[in-house]
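Here is the naming used below: chain letters follow the sequence lines, and residue numbers restart at 1 for every chain.
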Amino acid sequence: MSKISFTLNGQPKTLSIDDTTPLLWVIRDYFGLTGTKYSCGMGICGSCTVHINGQPKRSCRMTVSEVAGKDVLTIEGLGVKGLHPVQQAWVEEEVAQCGYCQSGQIMTAVALLNDVPDPTDEEIIQAMNGVLCRCGSYQRIRKAIHKAAEEVK
Amino acid sequence: MSTSTHHLSRREFIKLGSGSTVALILGINWTLAKGKDVEKAPTLFSPNAYLSISNNDSITVVMPRSEMGQKIYTALPMILAEELEADWNKIKVVQGDLNQIFGSQTTGGSASIRTQYDRLRRAGATAKTMLVQAAAQEWSINPNDCWAAEGFVYNKVNKQKLSYGSLVGIAASLPVPKDVVLKNPQEFRIIGKAYKSLDGLAKIDGSLKYGYDFKVPNMLTAVVARIPRYGNTLKDFDSSDALKIPGVKKVASISSGVAVIAEDTYSAIQGRKKLKLNWNSGPFDELDSKTISLRLHEALKQKGTILKQDGNVDAAKIASSQTWDLTFEVPYLDHAPQEPNNCTAYIHEGVCEVWAPTQSPGNAFWGAKLITGFKDEQIKIHTLRIGGGFGRRLQKDYVEDAVEVALHMDQPVKVVRMRSEDIKNGFYRPASVHQVSVGVDSDGIPTYWEHHISGPSNDSSSIFTGGAENLAYAIPNQKISYVMTDLPVPIGAWRSVGNTQTAYVNECVIDVIARRTKQDPVVLRKNLLKDHPRHLGVLNLAAKKANWGSELPENHARGVAVHYSFQSYVAIVAEVSKTLKGKIKVEKITAVIDCGTVINPDGVHAQVEGGVVMALTAALHGEITILDGQVKQSNFHNYPLLTMAEMPEISTHIVKSTEAPTGAGEPPVPPTTPALMNAIAALTGNRITKLPLKDQLN
Ligand code: FES
Ligand code: FES
């Protein structure tokens with residue numbers, strides 16, 4: 001058990017916890033933010049992607065101790081002051097089918113656009129390739145990212 | 001979850017529910033059936049189980065089926081809103097729990113739209129008729145002098161209007177009409193238009209709750225260490241280390257393994273890792289995929305059961321100028337929905353309450369009944385949002401786990417599966433082996449078709465033969481038969497069921513005939529489909545949209561396939577290329593569907609895209625194998641999904657139709673695989689007869 005502090009969606013949090021606990025379960029079970037999904041638990045699918053200090057990370061492969069003192073952003077913290085352009089594009093393109101993978105897709109896409117405001121198809125594929133969607137929404141994801149990039153310009 | 005107003009009507013539905021059909025319910029005076037509640041000033045008008053309108057104008061549609069990504073959450077209300085002449089912005093949807101009033105609530109067979117279309121139209125039209133009548137009564141005019149639009153009833157005489165909400169009180173006191181007039185489809189203003197998903201926002205802001213996210217107060221979370229090998233049983237286990245994990249509350253053995261019940265997910269996972277488990281070996285400990293394949297091939301020597309026999313294939317074979325014998329083999333496949341299986345159960349005060357992301361609340365009910373031995377009225381099934389189903393959630397194994405675990409606790413328990421447990425405990429698309437013999441006359445016209453199929457034993461052979469007997473090609477002599485072999489690997493319906501295998505075989509074989517007789521694959525199909533206008537419709541449009549026959553860059557080739565399943569028709573043209581390293585790349589998929597009247601075109605396009613991706617995933621990578629009596633695959637590293645880098649461009653088209661609506665979830669899957677394999681054959685000369693492709697050509 002250790003005492004760990006970090007910022008979650010802009011709010012300071014402190015908790016006493018087994019410091020090997022994956023961040024994913026801390027976010028979901030301790031803070032009740034269930035927008036971040038469990039799917040593979042092995043860092044393969046990206047459904048659990050959150051931002052740590054602005055970088056996309058797979059929360060199932062990170063212990064809570066690794067985020068001590070850092071900023072954690074989940075899907076719930078995105079677009080609180082109105083939808084983020086990526087979310088807006090996702091709605092317009094009707095990207096989501098079941099939707100289960102989409103928090104991870106969106107968090108990864110937002111990080112991509114923060115880095116590369118107008119990505120090429122290749123850059124999109126490179127950033128998004130490891131974020132799996134069993135429903136097969138990839139074509140719309142790619143389209144929506146281009147649309148969001150237009151919006152951000 | 002439901003709102004409080006809905007609890008009221010839902011309880012009443014149950015009172016009326018047993019044995020009633022919906023047709024009957026619509027004939028009942030629903031408001032009278034409500035008894036005492038009517039005497040209070042009504043704030044809700046609910047002429048049938050599918051909808052209620054409140055005095056603030058909001059309209060609640062109860063969805064009788066499960067939403068798992070196929071977007072019926074939007075398409076079904078569109079049907080009702082069309083006939084109701086509702087203001088779309090006033091529509092809210094609640095998930096209907098298990099209730100006999102809705103008839104079958106199983107979501108499968110691409111049947112939601114097809115089976116609910118008439119019911120929802122009638123439900124909407126009934127309510128509209130009563131609202132118009134209520135307005136006419138209010139204005140003291142003839143109902144024929146009123147019309148309804150966008151949530152209002154208008155008065156032709158004095159040009160006034162009344163909102164639906166303001167008419168709720170009067171409407172609720174009127175008898176429910178037996179017969180209602182439905183709209184002429186030419187007057188549709190909602191059906192056929194692209195509508196945004198009603199839950200679109202909830203899917204992108206993290207607020208939508210799936211089964212895995214479900215929570216009730218005081219709930220515990222459990223994981224089950226399931227018996228790893230087929231036919232094994234639990235010998236003994238040591239839980240002392242597991243119980244040392246602070247959050248772990250209890251370790252209990254259940255029929256499928258050993259459950260670790262904890263205050264939170266991670267404690268349960270840790271506890272499960274600390275279990276020491278011993279299993280009794282069983283009869284299948286040596287079983288592997290090689291043996292299964294051998295047994296399936298071996299079984300083909302049996303005559304088996306005949307599914308279809310036309311003419312005389314033996315005589316036709318002798319008379320043919322050329323014949324070909326081919327054998328195809330397909331592997332087991334897991335559904336691997338993005339959300340692993342899970343279920344929450346709570347047994348309290350003699351009631352077993354279940355919250356399940358299920359495609360079959362009816363099956364969940366039977367699971368709960370089997371485990372508890374409770375009476376029907378002691379079991380309550382709530383359907384939750386599903387993160388991908390594809391047929392996997394038709395099963396009740398994960399419900400039974402949860403109910404059995406809940407029997408050990410006096411708190412609600414959510415039983416969740418880790419990915420490896422989920423993949424290893426699937427109900428797989430069956431493996432099967434197909435022996436085909438075909439021939440042509442001297443003009444290259446097919447003379448006979450013999451298809452003998454070997455698959456695992458099951459209540460119905462259609463799980464691996466489905467679609468084989470629907471061969472539409474004009475081939476005079478046909479014989480289709482199957483044999484079954486007892487195997488311990490559980491099997492189940494996987495998006496398009498038997499069609500995933502039979503379309504692959506049929507459409508590759510037709511292609512073999514075309515190539516060997518030097519006929520264009522589209523032309524040969526057209527010649528043999530003269531009496532099948534809807535097959536021709538999708539085939540012609542696909543050929544046109546894909547520029548079939550036009551020149552392609554070097555190292556590119558096209559393949560085509562057409563297949564009918566679940567009352568819909570789909571044609572696919574696949575374009576592939578070979579990279580410098582000799583790797584096959586899927587460049588483009590052109591998909592055309594005819595699913596009759598389309599409710600929400602965008603939803604159909606999405607289902608076609610998704611179906612194509614699921615088929616490509618299976619064709620290129622999909623394979624569940626058995627080693628030492630258990631499934632070898634455990635996660636997406638050894639059961640890979642298609643990635644964005646492998647995605648072809650997918651262009652989807654819908655044939656305009658006024659036929660009755662059918663479905664779009666499954667039909668795009670079957671023809672995709674053979675179109676791809678036909679393109680590969682055109683490009684490389686290699687006929688792939690064993691799936692998946694994997695590195696067969698490298
Ligand atoms: S759940 Fe973390 S990458 Fe799949
Ligand atoms: S939308 Fe269902 S997994 Fe991506």
Taking [X] first and then [Y], would you say they form a salt bridge - that is, a charged N and a carboxylate O separated by under 4.0 Å?
X	Y	answer
A:K37	B:D213	yes
B:D422	B:R417	yes
B:D602	A:R140	yes

Given that the side chain runs from C-beta out, which part of [X] has a heavy atom under 4.5 Å from chain A: side chain, backbone, both or neither?
X	value
B:H605	both
B:Y73	neither
B:M68	backbone
B:L616	neither
B:K196	both
B:S420	neither
B:P640	neither
B:E263	neither

Between [options], the one whose heavy-atom pairs under 4.5 Å with chain B are most numerous:
options	value
A:G32, A:C40, A:G136, A:G35	A:C40
A:M42, A:R134, A:E76	A:R134
A:T74, A:T20, A:I141, A:V131	A:T20

| message | Could you walk me through whether B:V586 and B:L676 satisfy the side chain to side chain contact (heavy atoms under 4.5 Å, CB included) test, starting with their C-alpha distance in whole Å, then the side-chain angles of each, then the deciding distance to 0.1 Å, before giving a yes or no? | response | CA-CA 8 Å; B:V586 190; B:L676 170 65; 3.7 Å; yes
| Could you give the distance from CD (B:Q338) to CZ (B:F390), rounded to the nearest 0.5 Å? | 8.5 Å
| task | In sequence, state the C-alpha distance, the side-chain angles, and the governing distance for B:Q411 and B:I261, and then conclude on side chain to side chain contact (heavy atoms under 4.5 Å, CB included). | result | CA-CA 11 Å; B:Q411 281 168 266; B:I261 306 147; over 6 Å; no
Would you mind telling me which of [options] has the largest number of heavy-atom pairs within less than 4.5 Å of chain A?
options	result
B:I650, B:I269, B:V613	B:I650
B:E67, B:Q607, B:H335, B:K215	B:H335
B:L642, B:T265, B:I386	B:T265
B:H637, B:M647, B:E339	B:E339
B:P337, B:G200, B:P340, B:S634	B:P340

| Out of B:R495, B:M614, B:R429, which one pairs with B:L333 under the side chain to side chain contact (heavy atoms under 4.5 Å, CB included) rule? | B:R429
| task | Scan A:T34, A:V64, A:L33 and name whichever one has a side chain to side chain contact (heavy atoms under 4.5 Å, CB included) with A:I27. | result | A:L33
Between [X] and chain B, which part of the residue has a heavy atom less than 4.5 Å away: side chain, backbone, both or neither?
X	value
A:T36	neither
A:Y38	both
A:T21	both
A:L132	both
A:L83	side chain
A:D121	neither

| field | Other residues, nucleotides, ligands: >12 heavy atoms within 6.0 Å of B:K193 NZ | value | yes
Please give me the minimum heavy-atom distance between [X] and [Y], naming the atom from each residue.
X	Y	answer
A:C48	A:L24	CB-CD1, 3.9 Å
B:A664	B:V604	CB-CG1, 4.2 Å
B:G271	B:A242	O-CB, 3.3 Å
A:A149	A:P117	CB-O, 3.3 Å

Any luck finding a side-chain donor-acceptor pair between [X] and [Y] under 3.5 Å?
X	Y	value
A:D19	A:S2	yes
B:Q359	B:S66	no
A:D18	B:Q270	yes
B:R419	A:S39	yes

| field | Residues in residues 87-109 of chain A that sit under 4.5 Å from chain B, counting heavy atoms only | value | A:Q87, A:W90, A:V91, A:E92, A:E94, A:A96, A:Q97, A:C98, A:G99, A:Y100, A:C101, A:Q102, A:S103, A:I106
